[in-house]
Structures are given as structure tokens and as C-alpha cells.
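Take a look at the structure set out below.
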Amino acid sequence: MKRQIRLSFFIILALIFVFGTFAGCAGGKKEETDSLLPQSPQAWEGGTHEISVGESSHDLIKGGASDYTVVIPQDASATVSKAATELVSYIETASGVTLEVVKEPQSKTEKILSVGGTQAAEQAGAVDGDLSEKLGGLGVRILTKGSNVYMTGNTDDAVLYSVYTWLHYQLGFEVYGVDEIALMSDVDDLKLKEMDIVDVPDIPYSQSTYGFTDYNPSFREKMRIPEMIFMSVGGDAWHNSFDYIDPVTYKYKKSWFSEDGTQLCYTAHGDDVQLSEMIDVVVTKIKYTLAENPDKTHITLTQEDTTTWCTCSACAQMKQKYGTDAASVVRFCNSVSRAVNAWFNTEEGKAYKRDLQIVFFAYHATEPAPVTYDEKTDSYVPVDETVVCDDNVGVIYAPISATYQQDFSAEYNKEYRKVLDGWSAVTDKLYMWTYNTNFHYYLVPTNTYNSLQSNYRLWAQSGAVWLMDQGQYNNPQSTGFSALKVYLNTKLRWNVNEDMDVLIDEFFENYFGPAAQSVRKYFDEFRAHSLYLENEMGYLGNCYLEPLEQKYWPKTLLERWIGYCEDALAALEPLKEKDKNLYDMYSENVILESISPRFLLLDLWGNRFGENELKAMRNDFRADCLACEVTQYAEKVPISDLWSQWGI
């Protein structure tokens with residue numbers, strides 16, 4: 001019933017906004033109600049989430065004490081050791097009981113919590129060969145056998161995630177923000193849970209995309225966001241083609257660069273000898289990078305961040321033949337891959353040999369795939385075999401001009417969906433780079449909630465192995481319900497079929513505490529208003545959409561949203577004396593979410609206030625931005641520029 005009530009409330013809000021409050025703004029236009037509501041995405045059935053949790057007869061904690069011991073391998077890595085420390089720490093926080101951590105070999109055979117690839121886990125058969133293959137790099141395995149528990153996985157990160165997963169089912173552990181962590185408390189007696197879990201992320205790898213995750217490694221780990229999987233080349237993982245071949249160092253090699261000098265020329269202007277020399281330089285750079293990164297298996301070779309491309313006759317002819325500038329990049333990366341693999345088989349290269357994945361961009365000029373549409377099979381096929389990616393060559397598809405206000409089934413996105421299908425015909429190593437904020441206006445909320453789950457299911461169905469849903473990576477804190485976006489990103493990336501309504505409910509309850517109800521009114525109305533803007537006012541576009549128009553953000557609406565935030569702060573007042581730490585945490589979260597409507601009110605409707613009143617409001621706004629560590633107005637604009645614009 002909880003989910004049905006929430007959905008009904010959302011529908012009612014949408015109807016109120018469209019046919020009530022804003023009917024006059026739409027000039028009396030009315031459309032079918034269903035067109036205003038987000039489509040219900042179809043579940044994806046390809047994931048592995050085998051979770052069995054029940055009760056056992058064993059006491060984990062009895063009378064405020066425990067007979068359990070944490071066991072780790074003799075050669076436990078720093079990450080596995082940290083996993084054991086985290087396990088002990090959260091058990092202690094919940095119960096006051098401190099468990100001992102011991103390394104193998106150890107004589108104890110009962111009442112152990114095994115962490116990582118211990119001999120005990122191996123003897124218990126926690127992971128066999130077939131299961132290991134299913135787990136992949138980050139899948140978690142938890143097995144309760146008798147009085148023992150085995151938490152493990154194929155990698156150190158997976159072991160850490162297995163501990164967090166066990167804590168979730170055993171002690172109610174859940175992470176919503178840097179400090180907002182749910183956990184059982186005052187535990188004196190607790191039975192051990194019987195668990196048999198094989199849980200594998202639907203999209204195996206992801207990338208941290210907000211400042212508050214980037215700047216908090218411990219929080220990022222708890223959210224199961226792994227470290228960057230790509231090696232940096234010359235300090236850059238993105239737009240690094242000039243880090244491979246520096247235009248200054250190789251300025252005498254005119255054929256290696258586009259005619260305007262903004263990109264490499266991946267055909268060397270049609271000169272095969274020069275092309276071979278280019279490939280040698282790139283391979284040499286890869287050799288050095290592999291030596292510096294002995295444990296990483298992904299490297300990027302990505303074009304510069306411009307919309308330009310080489311227009312030499314060779315590149316023009318290739319584009320005409322394949323319908324895209326991407327053809328030259330595919331062929332170039334295939335050649336690089338083959339040269340590196342040949343080197344791996346030499347005496348010099350065998351020490352660095354690994355399953356190396358070389359990844360390029362499908363972005364701007366290279367976005368379309370080198371494919372044709374086959375009407376008979378209703379599918380895309382490569383133009384020819386030379387533009388099929390080798391087994392260890394993949395593509396990062398970055399549809400920057402798509403809208404993420406709607407999913408990829410929407411009319412606006414139909415061309416980008418075709419491109420996605422096209423690349424799926426060229427490679428089975430698909431990496432997704434998507435966008436969930438307005439990069440010209442960090443302080444304006446962007447509604448990507450209605451498309452999020454449907455898109456993630458599509459990425460999983462398309463075989464995506466990595467996702468970066470890019471947000472405000474250079475902002476220490478972000479308004480516009482960005483913390484909710486990060487939470488949903490991590491939960492849905494792991495399991496695209498999670499109940500999103502339940503996730504949102506739980507987030508608000510735990511992130512805002514007693515203020516949740518009031519802030520939730522603001523959020524629900526924002527989502528409904530966003531639907532109205534998209535469907536009735538044409539407010540729809542890419543991650544650079546222009547939002548600063550009064551017609552989009554009525555003054556009374558903004559003041560109502562600010563009022564909800566004020567009500568939320570009032571609801572927290574009783575906490576000020578009872579628990580100052582909780583009060584500070586929740587109130588800062590509320591103030592952070594008030595930033596968006598306050599900015600829009602002050603920027604768009606400032607002339608409706610007296611001079612002194614406006615100045616005071618703007619100074620209060622600036623103080624709250626500083627206190628909440630909102631430092632960026634836009635991707636490349638510090639918030640201090642806004643203070644200058646406002647004259648404060």
C-alpha cells in the first residue's frame with residue numbers, strides 16, 4: 001500500500017500543477033493525462049541477485065557479549081584488513097561488543113566471521129569455479145554454514161562490499177550520505193542470520209561523479225563505488241590523445257594532426273608509413289603506463305574535448321564510406337591493440353601481460369557508429385569487418401546532446417537510442433557516459449528521476465560494463481537533491497530492478513530525519529512541476545538547457561518550496577537540545593536543498609523586493625552556500641562570480 005499511496009500522490013500533484021495552478025500559463029491547452037506521467041520501465045531479467053536470508057539458532061550476541069572471532073587471510077591486503085576493521089567497528093557501534101580480528105592459521109573452527117579468501121572459506125566451499133566466474137570483479141558472496149559466516153569475492157573491493165552487504169542484512173546497515181548511516185543500536189541479544197547470497201552488480205563498474213563522493217573515499221567505498229578503473233595517461237584518463245602524441249613535441253609531424261590542429265588525425269592523412277609511426281608512439285606510451293599501473297586492466301585513448309575533426313581527404317573519404325568519423329578511431333585502436341598484444345608475447349612484454357582493454361570515445365564527431373540498418377533483420381550491422389572492435393577494444397558512448405529528463409524511449413532521444421544499438425553491433429565492450437545535471441547552472445535542479453531507472457535498465461540490457469552518470473564532480477556539495485541522485489545511482493546501478501519508490505521513501509526518512517515530510521513535499525512538487533515544464537512549456541533539452549526564465553519558475557511556487565524548507569527546519573528544533581549532532585546534520589541537509597529555490601527566487605524575482613531586503617537575503621544565501629560548501633556556480637564558474645554579479 002505504501003508504494004501505491006506514493007504513486008497516487010505523485011499523479012495527483014501532476015494533475016494539480018497542469019490543470020490547476022498553472023492552467024492559465026498553458027493557454028488552456030489540455031492533453032491526455034497519461035502523457036504527463038513517467039513511463040513504467042520494464043524489468044530487466046539478466047541480473048544475478050540470489051539472496052536468501054533467514055534466522056539461525058546461533059547467537060551472534062548474547063547478553064551484551066559474543067563468542068565470535070573475525071578471521072582474515074595471513075596475507076590480507078590493506079583493503080581486506082579494512083573490511084575486517086569495518087565489520088568490527090559497526091558491530092561495536094550497534095552493540096558495544098568488540099570482536100577480535102585474527103589472521104590464519106588459527107585453531108578456531110566454529111563461530112568465525114571469515115573475511116576474504118581464507119583457507120576456511122575455501123574448505124567450506126564458499127566459492128567454486130563456476131560461481132567465481134559468475135561473480136566477476138565486484139560480485140559478493142556470503143555463506144552461512146553452521147555457526148560460521150564466509151564473506152568473500154574475487155577482488156579486494158568485492159570482499160569489502162561483501163562485508164557491507166552482510167552488515168545490511170544482519171544489522172540494518174545502509175548508507176544514505178557521508179554521515180547519514182542507518183544501523184541497529186543498543187543490541188544486547190541478536191541471532192545470527194542464515195545467509196546464502198550471490199549478488200552481482202547489473203552494471204559491473206561505475207565512476208564517482210560528485211564532489212561529495214570524490215572527496216570522501218570512505219563514503220565512496222560504503223556506497224560500493226569502486227576506484228577509477230582506467231589508467232591515467234600523462235595525468236589524464238579523458239580527452240588524452242594529446243597526452244599520447246603531444247602537438248608541441250611532434251609539431252614537425254603535420255600529418256599526425258587534424259588540419260586545424262585540434263585533434264589527432266587517425267589516418268595520418270592517408271600516409272601508411274606515418275600512421276605506423278603514430279601507432280608506435282602510442283604503443284610506447286602504453287608500455288610506460290602499464291609499468292606504472294601493474295594492477296589495472298583498462299586504458300583510454302580518447303579524443304580532445306572539441307566538436308571538431310580532421311577534414312583531410314583521407315578522413316573525408318573514410319567518413320563518406322562509413323558514415324561517421326568514428327571509423328578511423330576504431331581501426332586505429334584495433335591496430336594499437338594488436339601491437340600491444342604482440343608485445344605481450346615477447347620476452348620484454350610478458351612481465352606486463354594482462355587482459356588489457358583499450359577504450360575510445362563515441363562523442364561529438366565520433367558519436368555515430370560505423371553501421372548500416374538491415375531492414376530484414378531489424379538490426380544494425382557493421383559496414384565491414386575492419387570497423388568491428390577487436391575483443392579487447394571498447395567504446396565509451398557519451399550522448400551529450402540527449403536529454404536525461406526523459407528516457408531513451410522518448411521521441412527526443414530516438415536518434416541516440418539508434419546510436420546505442422549501432423555500437424552494440426560493433427563491440428560487446430560498451431561503456432556508458434551519461435549526464436544528470438545542468439553544467440551551466442549547478443544551482444538549478446535538474447529532473448532526471450523519471451528517466452533514471454528505465455535508462456539504467458537499458459544500459460544493462462545493452463551489456464554496459466561501466467557507467468559514469470556525470471554530475472557536479474568539482475563541487476564539494478551540491479543542491480537540487482544531488483545526494484538522492486547519488487544514492488539512486490549506486491542502488492540502481494547494482495540492481496536495476498530495485499523498487500525506486502521505496503528507495504526514495506527510505507532516503508528521505510534517513511537523510512532528513514524529522515524534516516523528511518516537509519522536504520518531501522518540495523521534492524514531489526518539483527517532480528510534478530518538471531513534468532509540467534516538459535510537457536506543457538517545452539522545457540526539455542540537454543545538459544546545457546537554459547533555465548533562467550521567470551515563466552518556468554513562478555514566484556509563488558518558489559516561495560512555497562522555500563516555505564517547505566522553513567517548515568522542515570522548524571520540525572528539527574526539538575532535536576537541538578536532545579541531540580545537537582543530529583540537529584546539525586539534518587538542518588545542513590535541509591539548508592543545502594533550500595539553495596536551489598532561493599537562488600531562483602533571488603536571481604529571477606529580485607526586483608520584487610526592496611533594496612535592503614534583497615541585499616540581506618542575498619547575503620544570507622551566500623553565507624549558507626559557504627557553510628554548505630557549495631563553491632561552484634557552473635562547471636567552469638566559481639560561485640564567487642555570482643557574488644560579483646549580485647554586488648555582494
Enumerate donor-acceptor pairs with a distance under 3.5 Å from any side-chain N or O in residues 464-471 to protein atoms, sequence neighbours excluded.
from, atom 1, to, atom 2, distance (Å)
D469, OD1, T434, OG1, 2.9
D469, OD2, Y456, OH, 2.7
Q470, OE1, W433, NE1, 2.6

**Prompt:** Does CD in Q517 sit with more than 12 non-hydrogen atoms of other residues, nucleotides or ligands closer than 6.0 Å?
**Reply:** no
**Asked** Is a side-chain donor-acceptor pair under 3.5 Å present for S518 with D567?
**Response** no
**Message:** Using salt bridge (charged side-chain N to carboxylate O under 4.0 Å, His left out), reason through E506 and K491 one step at a time and then give a plain yes or no.
**Reply:** CA-CA 12 Å; E506 292 179 352; K491 299 297 284 189; over 6 Å; no
**Prompt:** In chain order, what residues pass the side-chain hydrogen bond (donor to acceptor under 3.5 Å, both in side chains) check against Y539, with sequence neighbours excluded?
**Reply:** none
**Item:** Side-chain donor/acceptor of N438 to backbone N/O of L545, under 3.5 Å
**Value:** yes
Check: residues 594-605 side-chain donor-acceptor pairs under 3.5 Å, at least two apart:
from, atom 1, to, atom 2, distance (Å)
S594, OG, I591, O, 2.6
S594, OG, R598, NH1, 3.0
S596, OG, L443, O, 2.8
S596, OG, T479, OG1, 3.4
R598, NH1, D624, OD2, 2.9
R598, NH2, D624, OD2, 2.9
D603, OD1, W646, NE1, 3.3
W605, NE1, W553, O, 2.8

**Asked** Do T446 and T437 get their side chains close enough for a donor-acceptor pair, meaning under 3.5 Å?
**Response** no
**Prompt:** With a 3.5 Å cut-off and no angle check, do the side chains of E509 and Y176 form a donor-acceptor pair?
**Reply:** no
**Message:** Tell me if the centroids of the rings in W459 and Y397 come within less than 6.0 Å of each other.
**Reply:** no
**Partners meeting side-chain contact (heavy atoms from CB on, under 4.5 Å) with D214 (sequence neighbours left out)** = S208, Y473
**Partners passing ring-ring contact (aromatic ring centres under 6.0 Å, His included) against H239 (at least two apart in sequence or in another chain)** = F361, Y363
**Item:** Side-chain heavy-atom pair L540, Y412 within 4.5 angstrom cut-off
**Value:** yes
**Prompt:** Are a donor atom and an acceptor atom from the side chains of H529 and Y552 found within less than 3.5 Å of each other?
**Reply:** no
Distance-only donor-acceptor pairs under 3.5 Å for side chains of residues 217-237, two or more places apart:
from, atom 1, to, atom 2, distance (Å)
S218, OG, K222, NZ, 2.7
E221, OE1, K82, NZ, 2.3
K222, NZ, E86, OE2, 3.0

**Request:** Check whether any side-chain heavy atom of E174 sits under 4.5 Å from a side-chain heavy atom of H168, and report yes or no.
**Result:** yes
**Item:** Partner set under salt bridge (Lys or Arg N to Asp or Glu O under 4.0 Å) for E577, not counting sequence neighbours
**Value:** none
**Prompt:** Once the angle between the rings of F481 and Y522 is folded into 0 to 90°, is it parallel (under 30°), tilted (30 to 60°) or perpendicular (over 60°)?
**Reply:** tilted
**Prompt:** Do we see a donor-acceptor contact under 3.5 Å between the side chains of N450 and R527?
**Reply:** yes
**Prompt:** Can you check whether D524 reaches F526 side chain to side chain, under 4.5 Å on heavy atoms?
**Reply:** no
**Item:** Set of side-chain hydrogen bond (donor to acceptor under 3.5 Å, both in side chains) partners for H364, sequence neighbours left out
**Value:** none
**Non-neighbouring partners of D179 that pass salt bridge (Lys or Arg N to Asp or Glu O under 4.0 Å), sequence neighbours left out** = none
**Prompt:** Considering residues at least two apart in sequence or located in another chain, which fulfil the salt bridge (Lys or Arg N to Asp or Glu O under 4.0 Å) criterion with R417?
**Reply:** D421
**Message:** Hydrogens and angles aside, do T448 and Q405 bring a side-chain donor and acceptor to less than 3.5 Å of each other?
**Reply:** no
**Any side-chain donor near an acceptor of the partner, Y442 and N474, under 3.5 Å** = yes
**Fill in**
By salt bridge (Lys or Arg N to Asp or Glu O under 4.0 Å), E304 pairs with (sequence neighbours left out) none
**Message:** Pair K615, E611 - check salt bridge (charged side-chain N to carboxylate O under 4.0 Å, His left out), show working.
**Reply:** CA-CA 6 Å; K615 185 175 182 179; E611 182 178 349; over 6 Å; no
Anything under 3.5 Å between a donor and an acceptor, one on a side chain of residues 582-590, the other on a protein residue two or more places apart or in another chain? List them.
from, atom 1, to, atom 2, distance (Å)
Y583, OH, E573, OE2, 3.4
D584, OD1, K580, NZ, 3.0
D584, OD2, K580, NZ, 3.0
S587, OG, Y583, O, 2.7
S587, OG, D584, O, 3.2
N589, OD1, Y511, OH, 3.3
N589, ND2, E180, OE2, 2.9
N589, ND2, Y511, O, 2.8
N589, ND2, M585, O, 3.4

**Message:** Looking only at the aromatic ring of each residue, does the gap between the centers of Y90 and F173 stay below 6.0 angstrom?
**Reply:** yes
**Prompt:** Can a donor-acceptor pair be found between the side chains of Q472 and S478 at a distance below 3.5 Å?
**Reply:** yes
